[in-house]
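A short write-up of the structure that comes next.
All values derive from a computational prediction rather than experimental measurement.
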Amino acid sequence: MSAFENSVLQALQSIQARLSAIEASIGIKSAGAAPEEAAAAPQHPGLIAYDAYANQYLPPFIAAVEKLGGEDLKAAGKIIQETFTEMRGVLELAANCKEPPQAQLREVLTPMFTKMQSLSPLLKRNEWERHMKTLTEGIGALNWVTVKPTPREFIESFIGGSDYWANNIRKEFRTTNPDQIAFCDTFKALLVNLMAFVKANYAPGLNWSPRGVTVQEYKNAPKAAAPAPAAAPAAAPAPVVAAAAASADAVKADLFSALNKEGSVTSGLKKVTKDMQTWRAEYKADGSAPEPKKVVAPTRAANNEVKGPAKLEFQAAASKWLVENQNSPVDVPINDKKETVYIFGCNGATINITGKCKSVVVDSCKRTTVYVDNAMASVEVVNCQRMNIHVRDTVAAVAIDKTDGIVVHLPKSSLHTDIVASKSSEMNVSFPDANDDIIERPIPEQYVHRVKGTTVTAEVSDLYH
């Protein structure tokens with residue numbers, strides 16, 4: 001072996017020793033140490049985040065359900081656990097598949113929707129009625145997988161409805177039964193952190209893989225892909241070089257195999273901070289780090305802050321309920337169908353109107369959910385943001401004016417409701433179809449106007465077809 005080959009071999013051996021030390025320090029096995037072990041295929045970041053979320057918040061809720069007991073409640077806990085498993089399956093398909101056509105998408109989502117609907121038969125007039133209502137109101141948040149472009153706000157609307165019934169449980173058992181409080185708190189944490197997970201990973205909605213395979217191809221493919229074969233060592237050189245050159249080639253193969261790991265080799269190295277950079281003013285020759293500047297978190301107003309004192313009163317002379325500046329659940333019991341309800345300046349509240357009333361006006365409210373049993377005239381929403389209107393029985397009309405962000409939830413008994421909208425945006429209506437599956441459709445904001453003779457026509461834009 002020539003002197004040049006000797007020097008190259010020594011240099012490669014030195015580099016290999018250093019890389020081996022780095023790998024040992026950060027827990028990476030050398031490429032030549034176990035060639036039979038193939039690295040697992042990288043997992044979608046959304047699935048990794050979902051597993052971390054579900055493993056942290058789902059088990060405490062299931063444990064709270066099991067501790068309370070009750071056959072129906074245990075069955076409901078099992079259904080919710082299975083529903084979250086089905087949701088993960090949908091996320092896995094989205095990470096690996098192209099977005100399917102609408103008809104096939106319905107088939108993909110059917111198992112999850114079926115699980116959610118199986119909660120309804122468990123709702124009975126017994127000691128677990130409020131618990132079941134808490135769960136049935138909240139589990140609808142999992143429909144976020146069908147919502148674009150703002151699924152986070154969609155989830156938030158269900159948290160308010162669920163928390164209304166949970167607060168009734170809290171009021172009764174706050175000082176007597178901590179297990180009941182744990183049930184309420186763990187379920188709310190499950191939904192609140194679902195909202196945070198969606199905001200961090202699927203803010204514009206569930207995104208499918210544009211370069212993925214079809215759903216059917218993915219389902220038919222074997223789940224565990226064959227590992228990629230390890231890189232073969234370089235071929236032995238001509239007999240002139242002999243055994244020493246062969247060992248040099250083996251060292252080179254190990255070196256290049258290690259370098260092909262890209263960022264994993266250097267992931268354990270220390271970061272060069274500003275105080276280590278000699279050309280910066282922060283550099284200190286003695287090696288001591290400068291004191292970090294104290295970062296003062298900016299003060300932020302509470303999300304449910306209101307501008308005035310809370311008011312809930314009934315004016316008998318005008319047959320009118322006044323609900324003002326509320327930021328928590330409020331009950332409004334209607335005793336006469338001539339009574340009206342005026343809701344003003346609420347933020348993050350849940351207003352529950354029970355009974356048959358004449359009309360409801362919601363003015364200058366934010367992130368508020370309103371439940372209405374029956375309104376003979378109309379429900380008007382004016383100057384509001386991020387609203388949810390739930391109709392339990394029937395309402396003649398819903399008027400929306402100068403409102404940004406609203407979802408009107410109609411039952412099958414109120415599909416005749418007229419919805420009149422002006423100067424508003426981000427409007428949706430949610431209602432059951434012929435199979436009692438809840439669907440959500442946008443209320444058009446854009447129209448095409450044409451002059452025909454002496455009249456001007458208005459047609460809904462093609463965006464909504």
Side-chain angles (χ1 to χ4, degrees), residues 120 123-125 129-130 132-134 136-138 140 157-158 160-165 167-168 311-324 326 328-344 346 349-365 367-384 386-401 403 406-421 424 427-434 436-441 443:
S120 298
L123 180 58
K124 303 172 185 176
R125 296 278 184 178
E129 180 182 8
R130 289 173 298 177
M132 294 305 305
K133 287 182 176 179
T134 300
T136 53
E137 286 283 354
S157 68
F158 285 89
S162 174
D163 215 30
Y164 169 79
W165 296 105
N167 283 338
N168 287 337
K311 179 188 292 187
L312 174 62
E313 66 178 38
F314 176 68
Q315 297 179 345
S319 293
K320 184 177 183 179
W321 282 91
L322 292 181
V323 184
E324 297 182 1
Q326 301 288 339
S328 59
V330 174
D331 285 318
V332 181
I334 303 297
N335 299 313
D336 190 331
K337 62 183 180 181
K338 296 180 181 179
E339 295 176 5
T340 61
V341 182
Y342 181 74
I343 303 169
F344 176 82
C346 297
T350 301
I351 314 297
N352 185 35
I353 304 171
T354 55
K356 189 174 185 178
C357 64
K358 183 178 180 181
S359 65
V360 178
V361 177
V362 186
D363 187 4
S364 302
C365 295
R367 300 186 306 106
T368 296
T369 301
V370 179
Y371 290 86
V372 181
D373 281 350
N374 194 319
M376 294 186 296
S378 65
V379 175
E380 299 180 31
V381 184
V382 186
N383 293 322
C384 294
R386 304 299 176 198
M387 299 294 296
N388 274 274
I389 306 297
H390 291 260
V391 179
R392 293 197 185 99
D393 187 3
T394 181
V395 166
V398 176
I400 307 169
D401 186 26
T403 294
I406 182 171
V407 181
V408 180
H409 303 265
L410 299 177
K412 186 169 282 189
S413 58
S414 193
L415 296 182
H416 62 278
T417 299
D418 294 329
I419 300 177
V420 181
S424 299
M427 301 174 290
N428 292 277
V429 57
S430 174
F431 55 92
D433 62 10
D436 289 333
D437 294 330
I438 300 299
I439 58 177
E440 186 166 331
R441 295 289 182 266
I443 298 174

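Every residue two or more places apart in sequence or in another chain that forms a side-chain hydrogen bond (donor to acceptor under 3.5 Å, both in side chains) with Glu129 is listed here: Arg125, Lys133. Listed by chain and number, the residues in a side chain to side chain contact (heavy atoms under 4.5 Å, CB included) with Val391 are Val395, Leu410, Pro411, Ser414 (sequence neighbours excluded). Contacts of Tyr342 classified as ring pair (Phe, Tyr, Trp, His ring centres under 6.0 Å), with partners at least two apart in sequence or in another chain: none. For Ala399, the side chain to side chain contact (heavy atoms under 4.5 Å, CB included) test picks out Glu380, with sequence neighbours left out. Every residue was checked against the side-chain hydrogen bond (donor to acceptor under 3.5 Å, both in side chains) condition with Asp418, not counting sequence neighbours, and none meets it. Not a single side-chain hydrogen bond (donor to acceptor under 3.5 Å, both in side chains) links His390 to another residue, sequence neighbours left out. Taking the side chain to side chain contact (heavy atoms under 4.5 Å, CB included) definition, one finds that Ala377 meets it with Ser359, sequence neighbours left out. Residues passing the side chain to side chain contact (heavy atoms under 4.5 Å, CB included) test with Arg130 are Trp165, Asn168, Ile169, Glu172, Phe173, sequence neighbours excluded. Qualifying side-chain hydrogen bond (donor to acceptor under 3.5 Å, both in side chains) partners for Asn383, counting only residues two or more places apart in sequence or in other chains: none.
Side-chain contact between Val360 and Thr340: absent, with no pair of heavy atoms (C-beta onward) separated by less than 4.5 Å. Val381 places a side-chain heavy atom less than 4.5 Å from the side chain of Ile406. Contact of the Asp436 side chain with the Lys412 side chain is registered, since non-hydrogen atoms from C-beta on lie closer than 4.5 Å. Residues Thr368 and Thr350 are not in side-chain contact: their nearest non-hydrogen atoms beyond the backbone lie 4.5 Å or more apart. Residues Cys357 and Ile334 are in side-chain contact: their nearest non-hydrogen atoms beyond the backbone lie under 4.5 Å apart. The closest side-chain heavy-atom distance from Val379 to Val361 is not below 4.5 Å. Counting only heavy atoms from C-beta outward, the side chains of Met427 and Ile400 approach each other to under 4.5 Å. For the pair Ile419 and Val429, the minimum side-chain heavy-atom distance is below 4.5 Å.
Taking each heavy atom of Asn388 and Ser157 in turn, the nearest pair found is ND2-CB, 2.7 Å.
Within the structure, salt bridge (charged side-chain N to carboxylate O under 4.0 Å, His left out) pairs that include any residue of residues 352-363 do not occur (at least two apart or interchain).
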Exercise. Could you give me the CA-CA distance, side-chain angles and deciding distance for Val398 and Val420, then say whether side chain to side chain contact (heavy atoms under 4.5 Å, CB included) is met?
Key: CA-CA 6 Å; Val398 176; Val420 181; over 6 Å; no
Practice problem: Decide side chain to side chain contact (heavy atoms under 4.5 Å, CB included) for Met387 and Val407; before the verdict, give the C-alpha distance in whole Å, the side-chain angles of both, and the deciding distance to 0.1 Å. | Solution: CA-CA 6 Å; Met387 299 294 296; Val407 181; over 6 Å; no
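Panel note: side chain Thr417, backbone Leu415; no donor-acceptor pair is recorded below 3.5 Å. Ser430 contributes no side-chain N or O that, together with a main-chain N or O of His409, makes up a donor-acceptor pair within less than 3.5 Å. Using a distance-only test at 3.5 Å, with no hydrogens or angles considered, no donor-acceptor pair links the side chain of Asp437 to the main chain of Asp433.
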Would you list the atom pairs, donor with acceptor, under 3.5 Å between side chains in residues 311-322 and any protein atom, with sequence neighbours excluded?
unit_1, atom_1, unit_2, atom_2, d
Trp321, NE1, Glu339, OE1, 3.0

Would you list the atom pairs, donor with acceptor, under 3.5 Å between side chains in residues 369-376 and any protein atom, with sequence neighbours excluded?
unit_1, atom_1, unit_2, atom_2, d
Tyr371, OH, Glu137, OE1, 3.3
Asp373, OD1, Arg392, NH1, 2.8
Asp373, OD2, Gly355, N, 2.9
Asn374, ND2, Asp393, OD2, 3.4

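Note that CE of Met132 is 8.0 Å distant from OG of Ser120, once rounded to the nearest 0.5 Å. The OH atom of Tyr164 lies 11.5 Å from the OG atom of Ser328; values are rounded to the nearest 0.5 Å.
At a cut-off of 3.5 Å, with distance as the only test, a side-chain donor of His416 or Thr394 sits close to an acceptor on the other residue.
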